[in-house]
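Below: one structure, written as structure tokens.
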Amino acid sequence: MQTILLGIGALGLNLPALVAQLVSFTLLLVVFRAFLYKPVIRMLDERKKRTEQEVAKELEKARQQGQEQIAQAQQIAARIQEDARQGAREEAEQLLARARSEFELEKNNAIAALRREFASLTIGAAERVIKEELNPEKHRRLIEEVLAEAPSTGTDGADRG
């Protein structure tokens with residue numbers, strides 16, 4: 001041990017001062033650990049918890065905003081679909097009305113053509129009856145002839161009236 005003390009002394013170290021400094025450092029370390037380390041760790045843990053809570057709040061807020069945006073997008077999509085359906089209904093009603101109108105016009109044209117044809121046939125039959133004697137047998141025969149000729153006259157009979 002003497003050689004160690006001489007070796008330490010040769011290095012220029014004072015052993016009692018070194019021991020005193022080691023004891024002081026150990027006491028200071030214990031005091032700091034007891035009074036500073038635990039409160040600092042507790043403070044850091046609390047800060048971490050607060051930060052986590054704030055992050056959780058922000059995430060919840062962002063989630064709610066996302067859900068609101070999704071709901072708005074769904075409402076807009078539903079409105080667009082309803083508008084499209086309404087437009088299709090209106091277009092279908094317009095097409096149906098146009099088809100009915102065209103059908104009515106065609107029907108009226110056909111009726112008018114039939115009336116013209118019937119008038120033409122009636123006039124033709126009356127002309128033949130007037131030229132012939134008023135004999136019931138001849139009258140019936142002339143009407144049958146005119147009716148038999150009717151399909152072959154087509155639209156030509158309409159030009160006569």
Side-chain angles (χ1 to χ4, degrees), residues 21-22 24-161:
Q21 285 178 353
L22 285 175
S24 294
F25 178 76
T26 304
L27 284 174
L28 188 60
L29 185 64
V30 169
V31 169
F32 279 161
R33 180 166 171 88
F35 293 109
L36 289 176
Y37 179 74
K38 288 182 181 179
V40 168
I41 294 298
R42 190 176 329 115
M43 182 184 68
L44 291 174
D45 286 342
E46 288 173 2
R47 183 183 294 174
K48 181 180 175 184
K49 286 179 186 177
R50 273 190 312 232
T51 304
E52 288 174 352
Q53 289 173 349
E54 289 175 7
V55 168
K57 285 179 186 177
E58 290 297 320
L59 286 174
E60 179 63 23
K61 184 178 176 182
R63 186 184 62 79
Q64 288 176 350
Q65 287 176 348
Q67 288 177 343
E68 288 173 2
Q69 289 176 348
I70 289 171
Q72 288 174 351
Q74 288 173 340
Q75 289 174 349
I76 291 170
R79 193 176 318 123
I80 289 171
Q81 286 176 345
E82 185 56 35
D83 289 347
R85 282 189 200 112
Q86 184 63 29
R89 273 189 226 114
E90 290 173 1
E91 186 176 342
E93 288 173 3
Q94 289 173 355
L95 288 172
L96 186 59
R98 192 178 310 134
R100 284 181 181 153
S101 174
E102 289 175 5
F103 174 76
E104 190 66 29
L105 182 64
E106 289 294 322
K107 182 180 90 172
N108 290 340
N109 288 341
I111 289 172
L114 283 174
R115 284 185 180 160
R116 284 191 302 270
E117 185 68 25
F118 182 72
S120 176
L121 289 175
T122 304
I123 290 171
E127 287 175 353
R128 287 186 184 178
V129 167
I130 291 174
K131 289 180 185 175
E132 299 277 331
E133 282 184 26
L134 292 179
N135 183 340
E137 183 62 32
K138 284 184 179 181
H139 182 66
R140 188 173 63 242
R141 185 178 51 80
L142 285 174
I143 290 175
E144 288 175 4
E145 285 177 12
V146 168
L147 290 175
E149 292 175 4
S152 66
T153 58
T155 58
D156 293 341
D159 292 339
R160 281 191 265 162

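Index from 1, following the sequence. Values in this document were obtained by computation on a predicted structure and should not be read as measured data.
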Could you check whether atom CZ of Arg33 has more than 12 heavy atoms from other residues, nucleotides or ligands sitting under 6.0 Å from it?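 Counting neighbours around CZ of Arg33, 12 or fewer heavy atoms of other residues, nucleotides or ligands fall under 6.0 Å, so no.
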Would you indicate whether Arg89, at its atom CZ, is surrounded by more than 12 heavy atoms from other residues, nucleotides or ligands within a distance under 6.0 Å?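 It does: Arg89 CZ has more than 12 such atoms within range.
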Could [X] and [Y] be called an ion pair, given the rule that one side-chain N must be under 4.0 Å from one carboxylate O?
{"X": "Arg50", "Y": "Glu46", "result": "no"}
{"X": "Glu144", "Y": "Arg141", "result": "no"}
{"X": "Lys61", "Y": "Glu58", "result": "no"}

Any chance you could measure [X], atom [atom1], to [Y], atom [atom2], to the nearest 0.5 Å?
{"X": "Glu91", "Y": "Arg98", "atom1": "CD", "atom2": "CZ", "result": "8.5 Å"}
{"X": "Gln72", "Y": "Gln65", "atom1": "CD", "atom2": "CD", "result": "10.5 Å"}
{"X": "Gln86", "Y": "Arg79", "atom1": "CD", "atom2": "CZ", "result": "15.0 Å"}
{"X": "Asn109", "Y": "Arg116", "atom1": "CG", "atom2": "CZ", "result": "7.5 Å"}
{"X": "Leu36", "Y": "Met43", "atom1": "CG", "atom2": "CE", "result": "10.5 Å"}
{"X": "Asn108", "Y": "Glu106", "atom1": "CG", "atom2": "CD", "result": "9.5 Å"}

Checking the side chain of Ser101 only, and the main-chain atoms of Ala97 only, is there a donor and an acceptor separated by less than 3.5 Å?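 It does not hold such a pair.
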Mind running salt bridge (Lys or Arg N to Asp or Glu O under 4.0 Å) on Glu54 and Lys57 for me, showing each step along the way? CA-CA 5 Å; Glu54 289 175 7; Lys57 285 179 186 177; over 6 Å; no
What closest approach, in Å, do Ala34 and Pro39 show between heavy atoms, and which atom pair accounts for it?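 Scanning both residues completely, I find the closest heavy atoms to be O-CD, 4.4 Å.
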